[in-house]
Amino acid sequence: MTLNRDPASVSPALIRMSRLTASDGASVQAVKEAIARPQQFRPRRDLMVEGRDIGGPQLILSGWAARVRLLLDGRRQFLNFLLPGDFVGLYHHRRPIAPTNIITLTDVTTCVPPELGTLPALDEAYAVAQAMDEAYLLAQIARLGRMNAMERIADLMLELYERLAMSDLTHGRSFDLPITQETLADALGLTAVHVNRMLQAARRAGDLIWSSRSMTIPDPKSLARKVGRAQIRVTGN
């Protein structure tokens with residue numbers, strides 16, 4: 001999509017969609033009309049419940065959510081984070097069943113996106129978004145399967161930085177990180193104590209600075225080289 005916009009007045013979700021594929025005025029207008037009918041969710045609310053029917057797709061406009069697998073003894077594994085511009089329940093088959101729980105981590109605003117098949121440019125954006133979502137899940141498998149604790153943290157922070165930059169939600173080399181170290185531990189298969197220890201080590205090394213719910217990556221390209229991550233692709237500021 002191509003936006004002629006006042007940056008302060010355009011939804012981060014619309015900015016991200018504009019960067020997924022080329023589009024036209026009709027597509028932009030359709031998304032804007034969808035955004036004008038928001039739905040609000042408080043933290044710790046279910047957007048999807050594993051094993052249940054998915055009522056319909058949602059587009060996250062603001063806030064953070066996460067895919068999570070809950071185990072019988074109370075343990076949990078966060079599979080990936082969902083950020084502004086990401087879709088929930090965007091499937092092409094009839095009566096889709098939720099493969100995981102999706103819960104809100106913060107206050108979250110969503111809307112019902114335009115239907116599939118109404119505008120070709122939007123269908124292309126949806127397809128690209130689904131491909132990227134799959135890539136994030138595959139990256140999580142690699143993190144949990146082969147990376148050490150420091151590499152897991154660094155790789156995830158670089159991913160979040162890239163994704164938030166697509167929605168103009170970074171501030172230079174910093175971004176808001178509204179999650180706890182316990183949540184980060186549950187995402188990376190570590191203990192909260194070990195996460196804290198690794199973050200302190202990363203600060204001393206000048207790689208990561210986490211303070212007041214904000215993360216700063218002083219040199220993203222250098223950190224990407226350290227963890228063997230492909231060259232980062234950051235748009236926006």
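Bear in mind the structure is a predicted one, so any value in this text is a computation, not a measurement. Values below: all heavy atoms of this structure, side chains included; hydrogens, waters and symmetry mates excluded.
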Do [X] and [Y] meet the criterion of a side-chain donor-acceptor pair at a distance under 3.5 Å?
X    : Y    : answer
T109 : S62  : yes
D24  : S27  : yes
E33  : Q29  : yes
E124 : T21  : no
Q140 : R143 : yes

Do you know which two heavy atoms are closest between [X] and [Y], and how far apart they sit?
X    : Y    : value
E182 : A192 : CA-CB, 4.2 Å
A66  : F78  : CB-CD2, 3.4 Å
D219 : R173 : CA-NH1, 4.2 Å
S167 : P84  : OG-O, 3.3 Å
Q130 : L90  : NE2-O, 2.5 Å

Is it possible for you to say whether L158 and L190 belong to one hydrophobic cluster, with membership spreading through side-chain heavy-atom contacts below 4.5 Å?
yes
If two hydrophobic side chains count as joined below 4.5 Å and joins carry through other members, does V31 share a cluster with V108?
no
Could you measure the distance from the CG atom of L122 to the CG atom of L20? Nearest 0.5 Å is fine.
10.5 Å
Interatomic distance, Y136 atom OH to L79 atom CG [nearest 0.5 angstrom]:
16.0 Å
Just checking E115: does its CD atom have more than 12 heavy atoms from other residues, nucleotides or ligands closer to it than 6.0 angstrom?
no
Backbone of [Y] reached by a side-chain donor or acceptor of [X] within 3.5 Å:
X    : Y    : answer
E151 : N148 : yes
Q58  : G89  : no
T191 : H194 : yes
D46  : V49  : no

Are the side chains of [Y] and [X] in contact, using a 4.5 Å heavy-atom criterion?
X    : Y    : result
E50  : R69  : yes
F87  : P113 : yes
L105 : F81  : yes
L164 : L83  : yes
L70  : R75  : no
L208 : I153 : yes
L47  : F41  : yes
V88  : M48  : yes

Is it true that [X] and [Y] have a side-chain N and a carboxylate O under 4.0 angstrom from each other?
X    : Y    : value
E162 : R229 : yes
K226 : D207 : yes
D133 : R67  : yes

Carefully, step by step, assess R213 and D176 under the rule salt bridge (charged side-chain N to carboxylate O under 4.0 Å, His left out).
CA-CA 6 Å; R213 296 166 65 86; D176 293 337; over 6 Å; no
Can you list every pair that meets ring pair (Phe, Tyr, Trp, His ring centres under 6.0 Å) and has a residue in residues 10-35, with sequence neighbours left out?
none
Member of R19, R16, R163 meeting the salt bridge (Lys or Arg N to Asp or Glu O under 4.0 Å) criterion with D168
R19
